[in-house]
Structure formats: C-alpha cells, structure tokens
K.L.:
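Before I ask anything, here is the structure I am working with.
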Amino acid sequence: MMSLGVATPNAPGTEYDSGMQVATGTVVGGKVVVEGLDLREGENVTVLTQESEQEVHLSPEDEAQLLEAVAEADRGQTISAEELFARLDRAR
C-alpha cells in the first residue's frame with residue numbers, strides 16, 4: 001500500500017480539504033480494504049478505479065508532455081500542494 005499525505009490550504013471559498021491522503025486498497029467481500037490507513041467511522045472518501053479494458057489515446061504532443069512531466073517528477077522537480085492550489089486560483 002502507498003500512502004501520501006498532502007497538506008493543502010483551506011482558504012475560504014476553496015473546496016479542498018486540509019488533509020488529503022492517497023492510498024491503494026483491495027476489494028474484499030464487496031468492500032474496499034485499505035491496510036495501514038486509519039479512517040474515522042463515517043468519514044467521506046473518494047474511490048477511483050482502474051479500468052483495465054479502457055484505452056487512453058494521446059496525440060504525439062500530449063504523450064511527449066506526459067513523458068516530460070513524469071521525468072520531471074522522477075528528478076524531484078515538483079511543487080508543493082500550496083503552490084499548486086495558488087496556481088489554480090490564479091488561473092481562475
């Protein structure tokens with residue numbers, strides 16, 4: 001399981017929570033089981049699933065941008081969550 005804590009700003013007017021986590025789990029008996037993640041009873045979560053049969057088609061330009069972004073992340077050239085949200089706010 002991978003878990004990544006992300007601190008995000010919780011400024012008025014934003015819909016982002018101040019404590020996001022990313023985790024992977026497995027469906028067991030129709031329920032999602034995530035090992036090592038402590039969730040409170042009744043806590044809201046979002047579940048994204050991988051569809052193995054769905055293909056994504058990218059243009060050569062989009063593929064090049066994606067590969068460059070992955071390479072930047074691999075080199076550690078990332079920004080904080082605060083900077084990401086500030087950029088998104090400026091883009092509005």
Side-chain angles (χ1 to χ4, degrees):
M1 184 205 68
M2 179 181 91
S3 179
L4 172 65
V6 179
T8 60
N10 204 7
T14 65
E15 62 242 29
Y16 304 106
D17 191 355
S18 62
M20 274 193 295
Q21 296 183 50
V22 176
T24 58
T26 306
V27 177
V28 177
K31 297 180 181 180
V32 178
V33 176
V34 181
E35 298 290 331
L37 184 62
D38 187 26
L39 298 171
R40 293 183 314 261
E41 186 69 28
E43 190 166 345
N44 290 321
V45 298
T46 300
V47 177
L48 305 173
T49 62
Q50 297 177 344
E51 295 194 29
S52 60
E53 298 190 20
Q54 188 168 342
E55 294 183 19
V56 175
H57 299 280
L58 299 175
S59 69
E61 295 82 13
D62 288 341
E63 184 176 3
Q65 285 182 332
L66 178 60
L67 292 173
E68 177 54 29
V70 170
E72 287 175 0
D74 286 345
R75 292 190 299 267
Q77 296 174 306
T78 60
I79 61 173
S80 68
E82 290 82 7
E83 176 62 20
L84 171 65
F85 293 122
R87 290 182 186 184
L88 291 173
D89 284 341
R90 286 192 299 264
R92 289 185 192 175

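One is the number of the first residue; the rest follow in order along the sequence.
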K.L.:
Taking only residues two or more places apart in sequence, or in another chain, which ones meet Glu43 in a side-chain hydrogen bond (donor to acceptor under 3.5 Å, both in side chains)?
P.N.:
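Checked Glu43 against side-chain hydrogen bond (donor to acceptor under 3.5 Å, both in side chains); zero matches.
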K.L.:
Checking Val27 now: which residues fulfil side-chain contact (heavy atoms from CB on, under 4.5 Å) with it, not counting sequence neighbours?
P.N.:
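With neighbours one apart ignored, the set is Val32.
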K.L.:
Can you pull out every salt bridge (charged side-chain N to carboxylate O under 4.0 Å, His left out) where at least one residue sits in residues 62-73? Sequence neighbours excluded, please.
P.N.:
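Every salt bridge (charged side-chain N to carboxylate O under 4.0 Å, His left out) pair that includes a residue of residues 62-73, provided the two are not neighbours, is Glu68-Arg75.
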K.L.:
Using a cut-off of 6.0 Å, state whether more than 12 heavy atoms not belonging to Asp74 lie near its atom CG.
P.N.:
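Yes.
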K.L.:
Any chain of hydrophobic side-chain contacts (each under 4.5 Å) joining Val70 to Leu58?
P.N.:
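Shared cluster, yes.
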K.L.:
Do Leu88 and Arg90 have side chains that approach each other closer than 4.5 Å (heavy atoms only, starting at C-beta)?
P.N.:
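With C-beta onward as the side chain, the pair stays apart.
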K.L.:
Search all heavy atoms of Thr24 against all heavy atoms of Val34 and return the closest pair with its distance.
P.N.:
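Answer, listing the atom of Thr24 first, then Val34: O-CG1, 3.5 Å.
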K.L.:
Assess whether side chain to side chain contact (heavy atoms under 4.5 Å, CB included) is satisfied between Arg87 and Ile79, documenting all intermediate values.
P.N.:
CA-CA 10 Å; Arg87 290 182 186 184; Ile79 61 173; 3.8 Å; yes
